[in-house]
Structures are given as C-alpha cells and as structure tokens.
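Everything numeric here is computed off the predicted structure, so don't read it as measured data. Note: hydrogens, waters and symmetry copies are ignored here, and every other heavy atom, side chains too, is used.
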Amino acid sequence: MSGTLYLDYQATTPIAPEARAAMLPYLDEKFGNPHSPHKMGREAAAAVEVARDQVIDCIGAENGRLYFTGGATEAANWAIKGALANAPQDRKRIVTAATEHACVLDTCEYLEGQGYELTVLDVSGEGLVDPMAVEEALDEDVALVALMLVNNEIGVIQRIAEIGPLAEKCGALMFCDAVQALGRVTIPWQQCDMIAMSGHKIHGPKGIGALWLADGVKPAPLLHGGGQEGDLRSGTLAPALCAGFGAAAALMAERHDEDCAHVEKLWATATHHFGDRWTINGSDCARYPGNLNIRLDGLDAARLISDVRGVAFSAGSACASGSGRPSHVLSALGLSKEEANASIRLGFGRYTSEEELEEAIDLILGAAGEQLPGSPVEGDEPHPEDEEQLAEDGDE
C-alpha cells in the first residue's frame, strides 16, 4: 500500500480480495479462449456465464440479457449510437440532461453532428431533472432518453423510475447510466431498456463493463467482427475480467445492507467534521451518501489537492483536457466559476475506516486553513449533547 488516504471512490475503487481471487485462475492455468470449443475453452466460457448471472443478480433484473463490454464508456456509446441507428426514420431526437457523464454527452453531441437532434435538459440547483420537464420535451420524434441514475460528480439520484414510463409512453427507449448506482441503490430496471455499468466502480477490475438490454431491445452493433456476445458485440472476452466483475457484483449484493450502513456512518462523520461553513453541492437528501461534493468560498481546490499530498480526492471543478473550464455539472447547478473552483469531492466506501476519514479531513481542513488564514474552515465545536446524538445516529 502507498500509505495514501484514499477518498476518490467515484473515480475507481480498491479491488475486493474476493474479486482478485476469482480472477487468478484465468490468468494462470485456466487461460483458454472462452469462444473455443475444447475443454479449456468451455471451462472459460462457463466462468463467463457465472459472472454474467452474478451481475444480473446485482442489478436485480428478472429478465433481459447482459452483454460484457470493455467498460461503461463502450456500453454507453453502443447503447446510444445503436439505438439511434435502429430507430424509425421519423425518430431522430435524443433527450438527455446537462449533468450527464461525458461518455453520454459527447456521444450525443457526435450524433448531433451526424444529423440527429439533441435536447439537453436543465437541472435544478440541487442537480435534479424535473420529470415534468422530461415529459414536456418528449414527442413522437424522440428515439432515446438518456439519464444517469447516480451522478458521478455530486452523487444526486435522478428519478428514473418516474421518467422511464414517460419515455415508454411516447415510444422512446430509456437508457440509464448506472455506473455509480450498481449494488448501492435500487436500479429501476423494469422502467429501463438499456443499463450501462462498470467493473472497477464496484471493487472489480478495470477494463470491463456491461450493457443490460431488456427483452426485445437490440441496438445495432458498435463493434463488428466475430459477434462473440450474442452476435451484438464482437471481440474475445477476458474470462479473468468477467470473473472479477462477477465476484465483485455478487459481493455488492451480499454486503449491500452492511455497506450502506457503513457509508451512511461515514457521511455523518464527514459532514459533522466539515461543519456548516462548507456548502454541499447538489441535493443533501436525494443522493448516495458515499459522495460528498462540497465547497468553501475563496478556496482554490486545485491548490488544496496539491498541498494535501497524503490524501487522494478530487476537485469538484474537474477540468476537461486541461481547458481550464469548470465542471459542467457544477456549472449546470448554477455555480459561478469561482464557486466551482472552490469545490472538492470526497468519495468513500467499504474499505474506508472512520479513523482514516477523520485523519484525511483533518489534513484537508488544515491545508484549507493555511490557504485562507483568518477565515474559519471548520464548524463550531458541538455541545456534549450533540456529540451524544451523533454517536446514537451512527449506531442506527
């Protein structure tokens, strides 16, 4: 271990020991091609199918089909481009939101350049899309609605369960980016046609994702070749990556309640330590509590990250390709450039201890205090009864 206090769970997660163990046989003696007909190939193929079932079970889906991909970016590109390629000629429009991940927004913008129409919905100051705004945007020319369930930058949870039926009513497909949601929050799979996910965001390996398709939904292939995945996705699968993804997904399902309770306790600890002088970006209730995106007026987040070298965390104003532009998500909330540049994102989860979190926050607060001398960066010290209440809340 590097000794770094890791608080960047939205970027990637530590691999689970169980996932690593599941991968090892397929990196060593069981190295067969899962698409070969001989014994080693069939053995590898069986591991892939076990993993496929494990991921489906983690989604909670009772039907549909899951296709492994090289990652969530491929899954999103395939879903969006494939859906539009197969859409009726009179359906040329995509509806999405301003706070979507770049793999969705950039794909949609690419298609706009190819002659398709794009409607990008605004969000509220809490980062939420109004289902009524979605309904107003829908018409018979819409082929696809693309929305994220849990936002990767600010952690807010969109009302996909309400929006999916609106898409269905107008005859459009519903694509859901569930990368940050898988195993953490309930995925309304019945209201979705396509769901993208990623292995390394749930303590699995990097380099693998998946696209779940509802029964009867078949986007046009993005990759052409051998058609190894149900004739819809070409390329030799990596049994080791599939096995690791599957084991991680099974563990997410098995540990769901335990992980959720732990993350909620960490959220309470973090918000208590930062206090009310730091402002939460996005909704403070309609969110996944393992994502804390906060700002402090006057702070230079990029400098803070550089100063606190012992802690791995992100700036809320993640710049695109060094352009210097603030985060499109924070801008969509109505934050100024200064406010966005004063924002940081802390991500924590299963392998984060309270002690590590407190130590990391102390380092962040210390550096913020040095950067802003004379300006308080912590909340007021709690009264004894407040401390007692916090302890009680943490045990629930």
Side-chain angles (χ1 to χ4, degrees), residues 6-13 72 96-105 122-130 147-161 163 176-188 195-198 200-203 252 256 259-274 276 278-296 301 305 311-318 326-335 339-340 342-352 357 360-361 364:
Y6 188 76
L7 297 179
D8 203 15
Y9 267 55
Q10 280 70 50
T12 194
T13 56
T96 189
T99 52
E100 292 301 298
H101 191 278
C103 70
V104 169
L105 290 177
D122 293 330
V123 297
S124 69
E126 292 190 327
L128 300 173
V129 177
D130 185 349
L147 290 174
M148 185 187 299
L149 183 53
V150 177
N151 188 274
N152 61 301
E153 285 200 37
I154 56 175
V156 300
I157 302 174
Q158 299 294 352
R159 292 150 68 178
I160 302 298
I163 295 170
C176 176
D177 171 351
V179 169
Q180 301 288 340
L182 182 64
R184 297 186 174 96
V185 304
T186 300
I187 297 176
I195 301 172
M197 59 215 83
S198 173
H200 74 103
K201 300 302 175 73
I202 63 164
H203 306 291
M252 291 294 285
H256 177 268
D259 284 350
C260 285
H262 179 60
V263 167
E264 288 171 2
K265 191 172 184 179
L266 294 175
W267 167 271
T269 297
T271 53
H272 172 68
H273 273 65
F274 279 108
D276 56 11
W278 293 70
T279 302
I280 295 174
N281 293 324
S283 173
D284 60 358
C285 54
R287 68 182 304 123
Y288 168 64
N291 180 321
L292 177 60
N293 193 308
I294 52 178
R295 68 181 188 273
L296 179 67
I305 292 172
V311 182
F313 64 105
S314 294
S317 54
S327 156
H328 72 282
V329 173
L330 298 183
S331 296
L333 301 187
L335 270 63
E339 289 173 324
S343 299
I344 61 173
R345 183 190 68 185
L346 306 184
F348 35 81
R350 180 187 301 160
Y351 302 115
T352 310
L357 181 60
I361 292 173
I364 291 170

Report task. Could you pull out all residues at least two apart from Arg287 that satisfy side-chain hydrogen bond (donor to acceptor under 3.5 Å, both in side chains)? Result -> none
Requested in this report: Indicate the atoms forming the closest heavy-atom contact of Ala72 with Ala196, along with that distance.
Outcome: O-CB, 4.5 Å
Report task. Applying side-chain contact (heavy atoms from CB on, under 4.5 Å), name anything that partners Pro289, two or more places apart in sequence or on another chain. Result -> Val263, Glu264, Trp267
Requested in this report: Output all residues satisfying side-chain hydrogen bond (donor to acceptor under 3.5 Å, both in side chains) with Asn152, sequence neighbours left out; order by chain, then residue number.
Outcome: none
Query raised in the report: If you round to the nearest 0.5 Å, how far is CG of Asp284 from CD of Glu126?
Result: 7.0 Å
**Report entry** Rounded distance (nearest 0.5 Å) linking atom CD of Gln158 with atom SG of Cys176
**Finding:** 10.0 Å
Query raised in the report: Between Leu105 and Ala97, what is the shortest heavy-atom contact and its length?
Result: CD2-O, 3.4 Å
Query raised in the report: Any side-chain heavy-atom pair from Met252 and Arg184 closer than 4.5 angstrom?
Result: yes
Query - Flag side-chain contact, heavy atom, 4.5 Å: Val150 against Asn291 - result: no
Query raised in the report: Counting only N and O atoms by type, is there a donor-acceptor contact under 3.5 Å from the side chain of His262 to the main-chain atoms of Tyr351?
Result: no
Report task. Can you sort out the partners of Asp130 under salt bridge (charged side-chain N to carboxylate O under 4.0 Å, His left out), two or more places apart, ordered by chain and number? Result -> none
Report summary line: Leu128 and Ala286 have their tightest heavy-atom pair at CD1-CB, 4.2 Å
Query raised in the report: Are the side chains of Gln10 and Glu153 in touch, meaning some heavy atoms are under 4.5 Å apart?
Result: no
Query - For Thr279, side-chain contact (heavy atoms from CB on, under 4.5 Å) partners two or more places apart - result: Arg295
Query - Which atom of Gly349 lies closest to which atom of Leu266, heavy atoms considered - result: O-CD1, 3.8 Å
Query raised in the report: Do Leu335 and Ser327 come within less than 4.5 Å of each other through their side chains, counting heavy atoms only?
Result: no
Requested in this report: Check Ile195 against Ala178 and note the closest heavy-atom contact, atom names and distance.
Outcome: CG2-CB, 3.6 Å
Query raised in the report: Out of Leu346, Ile154, Val329, Val156, which residue meets the side-chain contact (heavy atoms from CB on, under 4.5 Å) rule with Asn293?
Result: Ile154
Report summary line: Between the SG atom in Cys260 and the CZ atom in Arg350, the distance rounded to the nearest 0.5 Å is 10.5 Å
Query raised in the report: Do Leu333 and Val123 have side-chain heavy atoms sitting under 4.5 Å apart?
Result: yes
Report summary line: With sequence neighbours left out, the residues meeting side-chain contact (heavy atoms from CB on, under 4.5 Å) with Ala360 are Leu5, Leu7, Val311
Report summary line: NE2 (His273) and CD1 (Ile364) are apart, to the nearest 0.5 Å, by 11.5 Å
**Report entry** Donor-acceptor contact below 3.5 Å, side chain Asn281 vs main chain Ser343
**Finding:** no
Requested in this report: State, yes or no, whether a side-chain contact exists between Glu100 and Leu147 at a heavy-atom distance under 4.5 Å.
Outcome: yes
Query - Results of ring-ring contact (aromatic ring centres under 6.0 Å, His included) for Tyr9 - residues two or more places apart only - result: Tyr6, His203
Report summary line: One should read off an interatomic distance between Thr99 OG1 and Leu330 CG, to the nearest 0.5 angstrom, of 10.5 Å
Query raised in the report: What is the distance from atom CD of Gln180 to atom NZ of Lys201, rounded to the nearest 0.5 Å?
Result: 5.0 Å
Report task. Go through the structure and list residues passing side-chain hydrogen bond (donor to acceptor under 3.5 Å, both in side chains) with Asp8, not counting sequence neighbours. Result -> Ser314, Arg345
Query - Under the side-chain contact (heavy atoms from CB on, under 4.5 Å) test, residues paired with Ile294 that sit two or more places apart - result: Phe274, Trp278, Ile280, Leu292, Ile344
